[in-house]
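Have a look at the structure below before the remarks.
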Amino acid sequence: MMASSDDSTIPSHTKAWFYSEHGNPGDVLKIHPNWPIPELKEDQVLIKVVAASLNPVDNKRITDFYKDIYTPDPHLPIVPGLDVAGIVVKLGDQVKKFKVGDEVYGDINEDGIQNLKILGTLSEYTIAEERLLAHKPPNLSFVEAASFPAAVETAYEGLERADFSAGKSILVLGGAGGVGTQVIQLAKHVCGASRIAATSSTGKLEFLRKLGVDFPIDYTKENFEELSEKFDLVYDTVGQTERALKGVKEGGKVVTIVPPGVPPAIFFVLTSKGSILDKLRPFFESGKVKPVLDPLTPVPFSQVIDALSYIQTAKATGKVVVYPI
Ligand code: NDP
């Protein structure tokens with residue numbers, strides 16, 4: 001027996017964006033009015049999606065950008081989308097952490113972009129294992145909560161892998177992006193960085209300063225690796241690893257999240273964990289670590305293709321969130 005609010009109100013099918021072949025989102029992404037919702041496994045919950053944020057990897061999957069490195073889509077057709085905030089409407093038999101009616105958020109794909117869910121989050125309903133989810137802090141709206149999971153968990157995992165700690169300095173490449181904005185805030189408020197530098201284009205330097213950056217660097221005017229100042233950690237969210245290696249102090253580290261990563265830089269792909277969101281909850285509740293929403297947010301469900309095209313420009317500031325769904 002599975003617990004639910006009222007089984008008669010839970011649909012067996014959902015409206016969802018899907019693709020049956022790879023290509024540009026505008027050509028291949030379509031709305032499915034009746035995508036079948038699979039049976040819940042014992043550790044999964046069914047979520048009524050309220051908001052879903054977009055990630056560059058959504059485009060990379062759809063266009064098959066990684067075809068020479070990964071085969072990310074287990075089979076087609078498939079519903080994309082990793083990040084969700086919504087309401088639990090049904091529980092698998094062994095679910096312990098949540099009950100029906102709980103407001104949750106998370107990145108529903110545990111293993112980066114491998115073993116992708118057939119039913120992603122660009123859908124009115126989605127499914128996730130309870131270990132990938134956390135309770136939504138009440139002070140965050142669904143839109144704000146949906147903006148966090150993949151970006152902040154990636155930011156956290158990179159800082160953890162680099163053993164970043166109080167009193168160290170950091171340079172964030174791509175400081176204005178979804179991940180970069182969270183690396184800056186975690187470095188400052190969670191880790192206690194001594195000094196934070198970050199790169200952006202000219203128009204975003206003031207934004208970086210307001211986010212907590214001590215030393216914003218305009219990449220259109222300066223090459224960060226030619227500066228005399230060096231850093232304990234360079235966190236590369238752009239794909240500039242070889243240059244990043246020239247920006248570290250002796251004994252310093254480089255973390256990169258853009259494949260392939262050049263050793264000795266630490267390259268990793270995010271493992272989604274609700275426990276990271278739980279750990280960071282006090283910082284979200286106190287407002288020390290804030291959601292950063294691109295001005296395009298909120299994007300109505302019908303406008304997902306335009307929003308994905310915008311993300312493809314790599315000009316988003318913080319996160320683009322789809323709402324209402
Ligand atoms: P975004 O689309 O949010 O990044 C957009 C930002 O990048 C813009 O604000 C832009 O600022 C900035 N930017 C673009 N070019 C440069 C540049 N040359 N120097 C400095 N800043 C630049 O991306 P995300 O932050 O979500 O992701 C970043 C990358 O990391 C993507 O390639 C993504 O696929 C990857 N990723 C990998 C993960 C992993 O697990 N390995 C997890 C998450 C993301 P401006 O307008 O000022 O140029």
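Sequential numbering from 1 along the given sequence is applied to the chain's residues. Atoms within each ligand, like the ligands themselves, are counted from 1 in listed order. Source: prediction; values computed, not measured.
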Taking both backbone and side-chain atoms of [X], is any N or O found less than 3.5 Å from an N or O belonging to ligand 1?
{"X": "G180", "result": "no"}
{"X": "K315", "result": "yes"}
{"X": "Y66", "result": "no"}
{"X": "T317", "result": "no"}
{"X": "F268", "result": "yes"}
{"X": "K204", "result": "yes"}
{"X": "V258", "result": "no"}
{"X": "G178", "result": "yes"}

(request) Find out whether the Lys NZ or Arg CZ of K136 is both under 6.0 angstrom from the six-membered ring centre of F142 and within 45° of the ring's axis. (result)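 Cation-pi check for K136 and F142: passes.
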Look at [atom] and say which protein heavy atom is nearest, naming residue and atom and giving the distance to 0.1 Å.
{"atom": "atom 42 (C) of ligand 1", "answer": "T154 OG1, 3.4 Å"}
{"atom": "atom 2 (O) of ligand 1", "answer": "P56 CG, 3.6 Å"}
{"atom": "atom 40 (O) of ligand 1", "answer": "L270 N, 2.8 Å"}
{"atom": "atom 17 (C) of ligand 1", "answer": "Y219 CE2, 3.5 Å"}
{"atom": "atom 4 (O) of ligand 1", "answer": "G177 CA, 3.6 Å"}
{"atom": "atom 45 (P) of ligand 1", "answer": "S201 OG, 3.4 Å"}

(request) Kindly indicate, with the supporting measurements, whether the criterion ring pair (Phe, Tyr, Trp, His ring centres under 6.0 Å) is fulfilled by H135 and F98. (result) CA-CA 8 Å; H135 290 278; F98 302 106; 4.7 Å; yes
Would you mind listing which atoms of ligand 1 come within a distance below 4.0 Å of any non-hydrogen atom of [X]?
{"X": "S200", "result": "47 (O)"}
{"X": "A316", "result": "5 (C), 6 (C), 8 (C), 9 (O)"}
{"X": "A314", "result": "5 (C), 6 (C), 7 (O), 8 (C), 10 (C), 12 (C), 14 (C)"}
{"X": "T237", "result": "28 (C), 29 (C), 30 (O)"}
{"X": "G174", "result": "20 (C), 21 (N)"}
{"X": "A176", "result": "9 (O)"}

Salt-bridge present ([X], [Y]; N to O < 4.0 Å):
{"X": "R243", "Y": "E226", "answer": "no"}
{"X": "D64", "Y": "K67", "answer": "no"}
{"X": "K273", "Y": "E110", "answer": "no"}
{"X": "D278", "Y": "K97", "answer": "yes"}

Checking side-chain polar atoms at under 3.5 Å, does [X] have a donor or acceptor matched by the opposite partner on [Y]?
{"X": "S201", "Y": "T220", "value": "no"}
{"X": "N55", "Y": "K319", "value": "yes"}
{"X": "S194", "Y": "K168", "value": "no"}

Atom of [X], atom of [Y] and distance for their closest heavy-atom approach:
{"X": "V213", "Y": "A198", "value": "CG1-N, 3.8 Å"}
{"X": "I305", "Y": "G26", "value": "CG2-CA, 3.6 Å"}
{"X": "K204", "Y": "A176", "value": "CD-CB, 3.6 Å"}

Determine whether any heavy atom of [X] lies closer than 4.0 Å to an atom of ligand 1.
{"X": "A150", "value": "no"}
{"X": "Q240", "value": "yes"}
{"X": "L173", "value": "no"}
{"X": "G112", "value": "no"}
{"X": "K60", "value": "yes"}

(request) Decide side-chain hydrogen bond (donor to acceptor under 3.5 Å, both in side chains) for D294 and Y310; before the verdict, give the C-alpha distance in whole Å, the side-chain angles of both, and the deciding distance to 0.1 Å. (result) CA-CA 11 Å; D294 181 271; Y310 173 63; 2.7 Å; yes
(message) In terms of relative ring orientation, are H32 and F18 parallel, tilted or perpendicular, with 30° and 60° separating the classes?
(response)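 Rings of H32 and F18: perpendicular, as their planes differ by over 60°.
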(message) Checking K253 against D232 for the salt bridge (Lys or Arg N to Asp or Glu O under 4.0 Å) test, could you report, in this order, the C-alpha distance in whole Å, the side-chain angles of both residues, the deciding distance, and whether it holds?
(response) CA-CA 6 Å; K253 292 178 183 168; D232 292 308; over 6 Å; no
(request) Pick one of side chain, backbone, both or neither for how I257 approaches ligand 1, counting any non-hydrogen atom pair under 4.0 Å. (result)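 The answer is both, backbone and side chain.
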(message) Below a 4.0 angstrom heavy-atom separation, can you tell me which part of V179, side chain or backbone, both or neither, approaches ligand 1?
(response)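 Near ligand 1, V179 shows its backbone as well as its side chain.
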(request) Report the C-alpha distance between F148 and F284 in whole Å, list the side-chain angles of each, state the deciding distance to 0.1 Å, and finish with yes or no for ring pair (Phe, Tyr, Trp, His ring centres under 6.0 Å). (result) CA-CA 10 Å; F148 270 123; F284 300 152; 4.1 Å; yes
